[in-house]
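Following: one structure in structure tokens, then a few remarks.
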Protein chains: 2
Amino acid sequence: MPNGYNAPMEMLARKLDSVTRLADAERAALLNLPHTVRNLPARHDIARFSERPNQCCLVLQGWVTRYAALTDGDRQILSFYVAGDMPDLQSLHLHHMDHNLATLTAAVIAFIPHDELRPLLRRHPDLASALWRDTLIDAAHYRERITSLGRRQALGRVAHLFCELFLRQQAVGLTTGLSCPLAPKQSELADALGLTSVHLNRVLRTLRQRKLVALSGGVLTIEDWDALTAVAEFDPTFLHQRNNEPAVREAAVPA
Amino acid sequence: MPNGYNAPMEMLARKLDSVTRLADAERAALLNLPHTVRNLPARHDIARFSERPNQCCLVLQGWVTRYAALTDGDRQILSFYVAGDMPDLQSLHLHHMDHNLATLTAAVIAFIPHDELRPLLRRHPDLASALWRDTLIDAAHYRERITSLGRRQALGRVAHLFCELFLRQQAVGLTTGLSCPLAPKQSELADALGLTSVHLNRVLRTLRQRKLVALSGGVLTIEDWDALTAVAEFDPTFLHQRNNEPAVREAAVPA
DNA sequence: CGGTGCTTTGACATCGCTCAACGACGGTGG
DNA sequence: CCACCGTCGTTGAGCGATGTCAAAGCACCG
């Protein structure tokens, strides 16, 4: 398989390293994993409801979403994934898709066949644990989303999602200062937060007016981290990142 | 450790069997796992936010909830667990609790030290996979809850939760006919569904008036499965149960 | 320059929340 | 045995956050 992209498995190794410490043997095994790299256009389904995937995917570039489609045409976006994420690890053990996975933007994705991954994980229990942990962190994100949808008002929900997306991207080096990419459009943010795009738009206006964030051209800039986390009641514990005190803290108080 | 309760690990073996097929070696290993069985009163915290548990628990009897506590005193119930569930498997790999786990009713719980479980899972990759799968199903429940909170109205949310709780209990033999225990009070159902107990009460009235369910004395009786699933837009795929076409189907059409 | 898709805004409707009171029930102590 | 009390369920009236519908602005692109 052509390795058109630079070192996909190294990105995975780095990602897992940020989560558990990898031994050399595991790291080497990972780097040798056979895989295919594909360039996909925006809005391209990777796996659909009720399918039985036989490979896992690793996002190398771009954004991917997981979403449920309701009968009335509504959809609920369940999560966003960025570079370094493995959105369908679950397919290793859950044989039928209970939702859909699709690119949000044009994206570069590496595909790793289950048949390659499974024996590797069996030989390297620590690697299996690292991936298991990754899926558990995914679940932690879900829990936080449930809390948002269940008990936070629109303003808090949006603020909370922004905090989450910023910190997750910071962890993989996708931020510059207090700015980060924000690929989802307003209607997609709305679909993720259980809101209407109309109402989401009004909430964004409020966030801008209060000088908590700036948002334009697919770039989110945090203007007041402390105020934003306060509105969101944001506690980074659920991210289970190594150093939970974000580098933002200093950056948020510019000289 | 005293084995006051009959065969706790056998319940676990049976549960896992319902999910993956266990080989004899795994089954035997499971049955020998050291553990402690405790009787806990209702509303007793099992693990609190930010703690670092060193054991996993297995519900043998009663109900357990996972919940997030917000600063204003609100709480969001994230999930309900019944006999056979292992609510904090995640603590094996996620070291800090990002939420709370507590009994809802008086309950009998078996505790298995991480230090016993970890080496066992290392020796039996299939067992590890079975438990991994269990945590992935947990995540599937979260996803469905997100969809409910984000895109369903109150009536659909309640109906959906009832369908889920019925089928999950049916899978472990806790139902009789079309009835099953329903331990959570109205305020707890409301906390799980992002509603007020007042509004939940009104929704229950509607469900009763429409003859979809009957509800009293902690027992839920489904009176019209087809209508209930229709209101809920319920699709059992996300439960990832062995035989997804529920036995309810026949029972729902009494002679 | 005329689409086409996204954002923004306004007017109005509604679902679910808040506050407040009352009723049903079971436990407890006198 | 009964009065009392706490908890839970039920109901009403009014309000507020968010949805709905509709149209206009705006940027990018052929």
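Atoms considered below: every heavy atom in the structure, side chains included; atoms not considered: hydrogens, waters and symmetry mates. Reminder, nothing fancy here: chain letters follow the sequence lines and each chain counts from 1.
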- Message: If we ignore hydrogens and angles and just use 3.5 Å, is the side chain of T103(B) paired with the main-chain N or O of P41(B) as donor and acceptor?
- Response: yes
- Whether W225(A) and F234(A) hold their rings parallel, tilted or perpendicular, with breakpoints at 30° and 60°: perpendicular
- Message: Just the rounded figure in Å: distance from C1' of dG5(C) to NZ of K185(A).
- Response: 8 Å
- Query: Base, backbone or nothing for each nucleotide of nucleotides 16-30 of chain D, written B, S, -, heavy atoms under 4.0 angstrom, 5' to 3'?
  - Reply: -SBSBB---------
- Message: Without decimals, in angstroms, what is the distance between R205(B) CZ and dG16(C) P?
- Response: 14 Å
- Interatomic spacing from CG in L58(A) to CD1 in I109(A) - rounded to 0.5 Å: 8.0 Å
Nucleotide N/O of nucleotides 21-26 of chain C paired with protein N/O under 3.5 Å:
none

- Message: Whether N201(B) contacts dG9(D) is assessed here as follows: a side-chain N or O lying under 4.0 Å from the phosphate OP1 or OP2. Is that the case?
- Response: no
- Query: Tell me, which pairs form a salt bridge (charged side-chain N to carboxylate O under 4.0 Å, His left out) where one or both residues lie in residues 63-72 of chain A, sequence neighbours left out?
  - Reply: R66(A)-D138(A)
- Message: Please report whether the ring centroid of F80(A) lies less than 6.0 Å from that of H141(A).
- Response: no
- Message: Per the side chain to side chain donor-acceptor pair (under 3.5 Å) rule, what does the pair list look like for residues 185-198 of chain B, sequence neighbours excluded?
- Response: R151(A)-D191(B), R75(B)-D191(B), Q186(B)-N201(B)
- With a 4.0 Å cut-off, would you call R152(B) and E144(B) a salt bridge? yes
- Item | R210(A), CZ atom: more than 12 neighbouring heavy atoms under 6.0 Å | no
- Query: Rounded to the Å, how far apart are Q186(B) CD and dT10(D) C1'?
  - Reply: 8 Å
- Do any pairs count as a salt bridge (charged side-chain N to carboxylate O under 4.0 Å, His left out) and have a residue in residues 160-172 of chain B, sequence neighbours left out, and if so which ones? D85(B)-R168(B), E164(B)-R168(B)
- Item | Donor-acceptor pair, side chain of D45(A) and main chain of A102(A), under 3.5 angstrom | no
- Message: Can you see if the side chain of R208(B) gets near the phosphate of dG9(D) - specifically, an N or O under 4.0 Å from OP1 or OP2?
- Response: no
- Item | Axis-to-axis angle between the two ends of the helix from dC1(C)-dG30(D) to dG30(C)-dC1(D) (five base pairs per end, rounded to 10 degrees) | 30°
- Can you tell me how far the CG atom of L239(A) sits from the CD atom of Q170(A), to the nearest 0.5 Å? 10.5 Å
